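For reference, the structure is listed below as C-alpha cells.
The shown structure was predicted, so the numbers you read here are calculated from the model rather than taken from an experiment.
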Amino acid sequence: MSLQSPKNKDSVQSQVELLVGEAKKHNGAGDEALALDCYRQAAALMPGAPWLQHRTAEIARKLKQYELAAVHYRRAAAAFVAAGFPKRAVAPLRVAWQSSLVGLPGQSEALITVTLELAHVQRTLGLSPEAAMSISSANQALRSSGSADRVPVTTESEAPTSGVKSEPLRRLA
C-alpha cells in the first residue's frame, strides 16, 4: 500500500494527457490501432478512470478485439462501482456481455464472469428480475453455442461480496 505523492499524481496525469492527445491524433488520422495502443497505455496508468476505460473498450470493439473490449468495459464498470455509481456500471457490463458472446463456445468463462458481475450489480440496484434474465440469456447463449458450461443461478445472499471487482477481473487485467 503505497500512497502517491502529489508530484507522482501530477506526473501520471500528465502522462495520461499526453497519451490521450496522441491517441486522438492517431484516431483523427485514421490509425485506430495506434490510437488503441495509446489508450491502453493511458488506461493502465489510470485504472480508476471509467471514461478512459470505456473509450479504450470502444476502440477495441471497433477493431473487433472483443476480448480486450470486454476487459476494458469491465474495468469501466468496476470504476463506476468504486466511485459510488453502480447504476452507471450496468451499460458497460451489458456491452462487455455482448462482446463476450463472440468468444463462445471456446471462451465461455469470460461470458460467465461478466454475467455474474452484471447480475450482481443489477441485484444491488434492486433489479432482481433483470439479473435473473441476464443469467437465463447467458445460459441460453451457452447452450446455443454448444458449450456445456452454465452460469450458476445465485441468490442475493450468494452474490459475490466484491461486486464487479472479482478475481477474474484482476486476472484478465
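The CD1 atom of I135 lies 6.0 Å from the CG atom of L116; values are rounded to the nearest 0.5 Å. Summarising the geometry, atom CG belonging to L142 is positioned 5.5 Å from atom CD1 belonging to I112; distances are rounded to the nearest 0.5 Å. To the nearest 0.5 Å, the span separating CZ on R61 from OG1 on T56 amounts to 13.5 Å. Taking CD of E22 as the reference point, atom CG of L18 lies at 7.5 Å (rounded to 0.5 Å). Expressed to the nearest 0.5 Å, how far OG of S11 lies from CG of L45 amounts to 9.0 Å. The distance from atom CD of Q107 to atom OG of S145, rounded to the nearest 0.5 Å, is 11.5 Å.
Note on V81: it clusters hydrophobically with L125, by side-chain heavy-atom contacts below 4.5 Å among ILVMFWY residues. In the hydrophobic cluster analysis, where Ile, Leu, Val, Met, Phe, Trp and Tyr join through side-chain heavy atoms closer than 4.5 angstrom, V16 is grouped together with Y39. No path of Ile, Leu, Val, Met, Phe, Trp and Tyr side chains, each step under 4.5 Å between heavy atoms, connects V102 with V95, placing them in separate hydrophobic clusters. Linking Ile, Leu, Val, Met, Phe, Trp and Tyr residues whenever their side-chain heavy atoms come within less than 4.5 Å places V121 and L127 in a single cluster. M46 and L19 fall within a single hydrophobic cluster, where Ile, Leu, Val, Met, Phe, Trp and Tyr side chains are chained together by heavy-atom contacts under 4.5 Å.
Under the 4.5 Å side-chain criterion, counting only non-hydrogen atoms from C-beta, E130 is not in contact with V90. A 4.5 Å side-chain heavy-atom check between R74 and T113 finds at least one atom pair inside the cut-off. Contact of the E58 side chain with the H72 side chain is not registered, since no non-hydrogen atoms from C-beta on lie closer than 4.5 Å. Between S134 and Q122, some side-chain heavy-atom pair lies under the 4.5 Å cut-off.
T115 places a side-chain N or O within 3.5 Å of a backbone atom of L111 that can act as its donor or acceptor partner. No side-chain donor-acceptor contact under 3.5 Å links Q53 to the backbone of G48. Proximity of a side-chain donor or acceptor of T124 to a complementary backbone N or O of H120 within less than 3.5 Å is detected.
Every residue two or more places apart in sequence or in another chain that forms a ring-ring contact (aromatic ring centres under 6.0 Å, His included) with H54 is listed here: Y73.
A pairwise comparison of heavy atoms in H26 and A35 identifies CB-N, 3.7 Å as the closest pair. Between V151 and A138, the closest heavy-atom pair is CG2-CB, 3.7 Å. A pairwise comparison of heavy atoms in L93 and A77 identifies CG-CB, 3.5 Å as the closest pair. Of all the heavy atoms in I59 and E32, the pair that sits closest is CG2-O, 3.8 Å. Considering all non-hydrogen atoms of both residues, S99 and A69 come closest at OG-CB, 4.3 Å. When all heavy atoms of A141 and L101 are compared, the closest pair comes out as CB-CD2, 3.6 Å.
Q140 and S144 share a side-chain donor-acceptor pair at under 3.5 Å.
Sorted pairs that involve residues 77-99 and meet ring pair (Phe, Tyr, Trp, His ring centres under 6.0 Å), not counting sequence neighbours, are lacking altogether.
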